Amino acid sequence: MFEDLKPAPADKILALIGLYRADPRPNKVDLGVGVYKDSAGNTPVMRAVREAEKRLLAGQDSKSYLGLAGDMAFNDAIAKLVFGADADTARIRAAQTPGGSGALRLVADLLKRARPDATVWVSDPTWTNHVAILRAAGLQVREYPYFDADAGMVCFDAMLAALRGAPAGDVVLLHGCCHNPTGANLDVRQWAAVADLLVEKDLLPFIDIAYQGFGDGLDADAEGLRIVAAKVPEMVVAASCSKNFAVYRDRVGAAMVMTAKREQADATMSQMLVGARTLYSMPPDHAAAAVRIVLQDPALRADWQAELEEMRLRMLSLRQRFAEALRRQSNSDRFDFVAGHRGMFSRLGLTESQVERLRDEHAVYMVGDSRINVAGLPEDGLDELAKAIVSVLD
Ligand code: LMR
């Protein structure tokens, strides 16, 4: 049965974890996978999450099944976190999923069921797993231009022009904030223009929000999504708690759908849950329960927000200091865009061979498309790192 199988190609992002671990050089720098790290290079359990876990351990009296949608109180809390505390959720339904990837797949399966011939338009570039998940659900994928690599900015006119040509009924996948891999984001005015276009051309927004709180703040990062939600009749959302609650390996996210009429919401949710039943039945509970406890308890919630804010501000300051170091070492403004980006990533615009040289000659690890994880930048070695980067430029 298996004799003809060749090894599957390694995932470009996840493969870096193993390569970095195997590198014996003491001065190695990990700018690879999108996991937050503190100044000591650790990814700690957040204080409020740890306290919620303690309460869970002390108070949980059953591990019986909760249902296909998981913890409904978690679902309610996460829908409000994303759509806003005052959002009218009568047309919105949320299902707890195993991480943001689980949410993406559940939404993708729902789209396939609702409109089998729809094409999903993704940004060029986008997170590599987007395309893989959409294709695994049997959906067609096309790209819209998004990033001007020379300027390090969104090429907004080209983006709008491409979306204007998309057939009615197609789906547009947008990054809610902190675009992965580029770090270049739409501003509020651009979000409003995209929302108008989606309405005019009858395109369905599919918003992936995996880094809420890592860019400009919890509400500011959801502003684009909320602008869209206020204008379009229906939309789908995949949210992740991996990063903003630092519960990566425990896997919790949410698939959400907003229907045109409130009478359609329950039927649509039930169709979304068919996907859950056939993929994994019920999502893992632990991290969702912890997140629910944090979001429902005012003191824990305030502490979580404070720690998240510390993380955000650390990344912001690191990216500003790194942009300055690059300016000093390159004697140019070529990398100034790093300071203007938001979230965990920036794409530096290096070639694959320059990225390889950085790894081989300087023990600096980044994704092959030159995406860096800002949280991995060495606080005390920014000039040294910038010098290494400049040394591999043509
Ligand atoms: C990333 O983009 O590095 C993260 O979202 C981790 C992953 O699953 O790729």
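This is a predicted model, so every value here is computed, not measured. Worth knowing before you read on, the calculation uses all heavy atoms, side chains too, and leaves out hydrogens, waters and symmetry mates. Both ligands and their constituent atoms are indexed starting at 1 by order of listing.
Residue Tyr211 approaches ligand 1 through these ligand atoms, each under 4.0 Å from one of its heavy atoms: 4 (C), 5 (O). Using a 4.0 Å cut-off to heavy atoms of Ile13, the atoms of ligand 1 that qualify are 2 (O), 3 (O), 9 (O). For ligand 1 and Val33, the ligand atoms under 4.0 Å from any heavy atom of the residue are 3 (O), 6 (C).
Counting only heavy atoms of the protein, atom 9 (O) of ligand 1 lies nearest to Trp127 NE1, 3.2 Å. Taking atom 5 (O) of ligand 1 as the reference point, the nearest protein heavy-atom neighbour is Lys243 NZ, 3.0 Å.
Note that Lys28 lies outside the cation-pi zone of Tyr365, set by a 6.0 Å cut-off to the ring centre and a 45° limit from the axis. A cation-pi arrangement is found for Arg371 relative to Phe345, the charged atom lying closer than 6.0 Å to the ring centre and inside a 45° cone about the ring normal.
For atom 1 (C) of ligand 1, the candidate residues are Arg371, Met344, Lys12; the nearest heavy-atom contact is made by Arg371.
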In a table with atom names and distances, give each donor-acceptor pair under 3.5 Å that connects a side chain of residues 211-226 to protein atoms at least two apart or in another chain.
{"unit_1": "Tyr211", "atom_1": "OH", "unit_2": "Lys243", "atom_2": "NZ", "d": "3.2"}
{"unit_1": "Gln212", "atom_1": "NE2", "unit_2": "Leu81", "atom_2": "O", "d": "3.0"}
{"unit_1": "Gln212", "atom_1": "NE2", "unit_2": "Leu218", "atom_2": "O", "d": "2.9"}
{"unit_1": "Asp216", "atom_1": "OD1", "unit_2": "Arg342", "atom_2": "NE", "d": "3.0"}
{"unit_1": "Asp219", "atom_1": "OD1", "unit_2": "Arg226", "atom_2": "NH1", "d": "2.9"}
{"unit_1": "Asp219", "atom_1": "OD1", "unit_2": "Arg226", "atom_2": "NH2", "d": "3.2"}
{"unit_1": "Asp221", "atom_1": "OD1", "unit_2": "Asp216", "atom_2": "N", "d": "2.7"}
{"unit_1": "Asp221", "atom_1": "OD2", "unit_2": "Gly213", "atom_2": "N", "d": "2.8"}
{"unit_1": "Asp221", "atom_1": "OD2", "unit_2": "Phe214", "atom_2": "N", "d": "3.2"}
{"unit_1": "Asp221", "atom_1": "OD2", "unit_2": "Gly215", "atom_2": "N", "d": "2.9"}
{"unit_1": "Arg226", "atom_1": "NE", "unit_2": "Val82", "atom_2": "O", "d": "2.9"}
{"unit_1": "Arg226", "atom_1": "NE", "unit_2": "Phe83", "atom_2": "O", "d": "3.4"}
{"unit_1": "Arg226", "atom_1": "NH2", "unit_2": "Leu81", "atom_2": "O", "d": "3.0"}
{"unit_1": "Arg226", "atom_1": "NH2", "unit_2": "Val82", "atom_2": "O", "d": "3.3"}

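Alongside Phe2, the hydrophobic cluster contains Met1, Leu5 (criterion: ILVMFWY side chains under 4.5 Å).
Between Phe337 and His341, the gap from one ring centroid to the other is short of 6.0 Å.
Counting heavy atoms under 4.0 Å from ligand 1, residue Asn129 does not touch it at all.
Annotation: Gly34 places an N or O atom under 3.5 Å from an N or O atom of ligand 1; distance criterion only.
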Salt bridge (charged side-chain N to carboxylate O under 4.0 Å, His left out) assessment of Asp297 paired with Arg55: CA-CA 12 Å; Asp297 181 294; Arg55 292 186 196 177; 2.9 Å; yes
